[in-house]
Amino acid sequence: RWLSDRPTTAWLRQRVPLVAGEEPTPTQRLMVAADCANGVAAALDLREWLFVNTELTVHLHRAPVGEWVGVSAATVVGPTGAGTVSALLHDELGHTARCAQALIVRPRS
């Protein structure tokens, strides 16, 4: 769910377990949302560009709660296709973590 007043901010909820029959924990849900930060803050049209997340670092300052994770992200893409994403991660109680991604950005062929 996108926040209309902030186009690089969305609330995400994992609908399908990564392992069939296993309910994900709030921390696992947060990690899935962190991995999606590059899509939340896509600097270029996703229909024309690929954003390959080559590395993901997440720093938690408290354990997350609940199913929904808020992601407020920013993406920077350099002239050779290297990029970075940084994001704040929230749950229903407020800020819970930060994440950073390294990206390779290429046109779709």
Side-chain angles (χ1 to χ4, degrees):
R1 296 193 178 159
W2 297 97
L3 296 183
S4 60
D5 62 333
R6 289 179 266 167
T8 60
T9 302
W11 282 91
L12 309 173
R13 181 173 58 94
Q14 184 182 342
R15 293 195 219 174
V16 179
L18 292 177
V19 177
E22 183 178 306
E23 186 67 23
T25 68
T27 300
Q28 290 168 331
R29 292 176 189 278
L30 182 120
M31 294 302 171
V32 168
D35 192 47
C36 297
N38 60 4
V40 171
L44 301 166
D45 189 334
L46 292 173
R47 295 169 294 190
E48 298 178 22
W49 295 89
L50 294 171
F51 293 78
V52 179
N53 173 3
T54 61
E55 182 268 335
L56 172 64
T57 302
V58 179
H59 296 278
L60 282 88
H61 59 83
R62 67 169 174 81
V65 298
E67 292 187 9
W68 288 90
V69 179
V71 179
S72 181
T75 299
V76 176
V77 179
T80 62
T84 57
V85 176
S86 58
L88 298 176
L89 304 172
H90 298 81
D91 62 14
E92 60 194 53
L93 300 177
H95 182 239
T96 185
R98 290 182 179 268
C99 74
Q101 296 179 359
L103 298 176
I104 296 174
V105 180
R106 300 288 185 264
R108 290 185 183 268
S109 47

Return all side-chain donor-acceptor pairs below 3.5 angstrom for residues 76-87, not counting sequence neighbours, or 'none' if the list is empty.
none

Has [X] got a side-chain atom pairing as donor or acceptor with [Y]'s backbone, closer than 3.5 angstrom?
X	Y	answer
Thr75	Ala41	yes
His95	His61	no
Thr54	Ala102	yes

To the closest 0.5 Å, what do you measure between CZ (Arg108) and CG (Leu44)?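 One gets 11.5 Å once the value is rounded to the nearest 0.5 Å.
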Run the salt-bridge test on Asp91 and Arg62 with the 4.0 Å N-O cut-off and return the result as yes or no.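 Salt bridge flag = yes for Arg62 with Asp91.
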Over all atoms of both residues, closest heavy-atom pair of [X] and [Y]:
X	Y	result
Pro17	Pro24	CB-CD, 4.3 Å
Ala63	Thr96	C-OG1, 4.0 Å
Trp68	Trp11	CZ3-O, 3.6 Å

Is there side-chain contact between [X] and [Y], with at least one heavy-atom pair below 4.5 Å?
X	Y	answer
Leu103	Asn53	yes
Arg29	Glu67	yes
Arg106	Val52	no

In the single-linkage hydrophobic clustering (I, L, V, M, F, W, Y; side-chain heavy atoms under 4.5 Å), do [X] and [Y] co-cluster?
X	Y	value
Val32	Leu89	no
Trp49	Val40	no
Leu56	Phe51	no

Hydrophobic cluster partners of Val65 (side-chain heavy atoms under 4.5 Å):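 Under the 4.5 Å side-chain rule, Val65 groups with Leu93.
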With ILVMFWY side chains joined below 4.5 Å, transitively, what does Leu50's cluster contain besides itself?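 Members other than Leu50 - counting any ILVMFWY side chain reachable under 4.5 Å - there are none.
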By the definition side-chain contact (heavy atoms from CB on, under 4.5 Å), identify the one residue from Val71, Leu60, Thr25, Asp35 that meets it with Leu30.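 In the set Val71, Leu60, Thr25, Asp35, the residue that makes a side-chain contact (heavy atoms from CB on, under 4.5 Å) with Leu30 is Leu60.
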